[in-house]
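Before any comments, here is the structure.
Computation of the quantities below employed the complete heavy-atom set of this structure, encompassing side-chain atoms and omitting hydrogens, waters and symmetry-equivalent molecules. Along the sequence shown, residues are numbered consecutively beginning with 1.
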Amino acid sequence: MASNTDSLKDFFLRVTDGLIKDATQKNQKIPVSSLRFEADEQVGVLFAADYFKYLVVGRGPGKFPPPDKMTAWVEANPDVLERARQVYKYLTASQLGFLIGRKIANEGTDIFTGKKEGIDLLGVMEANMPELLKQLARNEVVKIATDLKSVVK
């Protein structure tokens, strides 16, 4: 019989796989290396990179995103820089990062404005929830039955 810890670990593995599939279908990059989880008999927590929330709900207009992070994003996505260089021949990664950051500061991201679909974190978790609940209920029934047996003896 699996413990609650094992059930939660299995749940988070299925959620991680589901998030990767969802991001792939939407042609988005997901920070797979930053996804991790911790679980014990009572609690499970999923961790991700700080910007993962923007892949789910987007980022609204307001202040500029950190320029160094925008430049790093452009450098990690060379195809974006190549497409921009077809229009602006001598554009650098830091200049493009600034331009993208300014666009985000003025309008928000495409996910926030609804032009692009975000990663469906809630949907992926809900799809895997019935199996988790079934396993947890089974575990609790076994614990109760074991406790009753020891009291009855």
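- The side-chain contact (heavy atoms from CB on, under 4.5 Å) with Ile111 is formed by just one residue from the set Lys26, Arg59, Lys116, Glu117; it is Lys116.
- Put simply, the side chain of Phe11 reaches to within 4.5 Å of the side chain of Met125, judged on heavy atoms.
- Judged by distance alone, the side chain of Gln135 and the main-chain N or O of Leu8 form no donor-acceptor pair under 3.5 Å.
- Between Asn139 and Ser7, the shortest heavy-atom distance links the atoms ND2-OG, 3.3 Å.
- Atom CG of Asp79 is surrounded by more than 12 heavy atoms from other residues, nucleotides or ligands within 6.0 Å.
- Annotation: side chain of Leu81 is not in contact with side chain of Pro78 (no heavy-atom distance under 4.5 Å).
- Heavy-atom neighbours of Lys103 NZ from other residues, nucleotides or ligands within 6.0 Å: above the threshold of 12.
- Residue Leu55 comes nearest to Gln28 through the heavy atom pair O-OE1, 4.0 Å, listed as atom of the first residue, atom of the second, then distance.
- Taken together through direct or relayed side-chain contacts under 4.5 Å among Ile, Leu, Val, Met, Phe, Trp and Tyr, Val43 and Leu132 form parts of separate hydrophobic clusters.
- With Thr5 contributing its side chain and Glu41 its backbone, the two residues share a donor-acceptor pair below 3.5 Å.
- In terms of heavy atoms, Asn128 sits closest to Val124 at ND2-O, 2.8 Å.
- Side-chain contact between Arg36 and Phe12 is absent, with no heavy-atom pair separated by less than 4.5 Å.
- The existence of a salt bridge linking Asp10 and Arg14 is confirmed by a sub-4.0 Å separation between a basic side-chain nitrogen and an acidic carboxylate oxygen.
- Hydrophobic clustering, with ILVMFWY side chains joined whenever heavy atoms are under 4.5 angstrom apart, keeps Leu136 apart from Val45.
- A donor-acceptor contact shorter than 3.5 Å is absent between the side chain of Lys63 and the backbone of Ala105.
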Q. Please walk me through it: do Phe52 and Leu19 pass side chain to side chain contact (heavy atoms under 4.5 Å, CB included)?
A. CA-CA 11 Å; Phe52 182 73; Leu19 290 173; 4.1 Å; yes
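- Listed here is the closest heavy atom pair of Ala23 and Ile119: CB-CD1, 3.9 Å.
- Of all heavy-atom pairs spanning Leu35 and Ala48, the tightest one is CD2-CB, 3.5 Å.
- The side-chain heavy atoms of Arg138 and Val141, taken from C-beta on, include no pair separated by under 4.5 Å.
- Side-chain polar atoms of Asn4 and Glu140 form a donor-acceptor pair below 3.5 angstrom.
- Hydrophobic clustering of Ile, Leu, Val, Met, Phe, Trp and Tyr side chains at less than 4.5 Å, counting indirect connections, keeps Tyr51 apart from Phe47.
- Cluster membership for Val15 and Val32, using ILVMFWY side-chain heavy atoms within less than 4.5 angstrom, is shared.
- One N or O on the side chain of Asn77 and one on the backbone of Trp73 form a donor-acceptor pair closer than 3.5 Å.
- Aromatic pair Phe64/Phe98: ring centres closer than 6.0 Å.
- For the pair Gly101 and Pro65, the tightest heavy-atom approach, listed with the atom from each and the gap, is O-CD, 3.4 Å.
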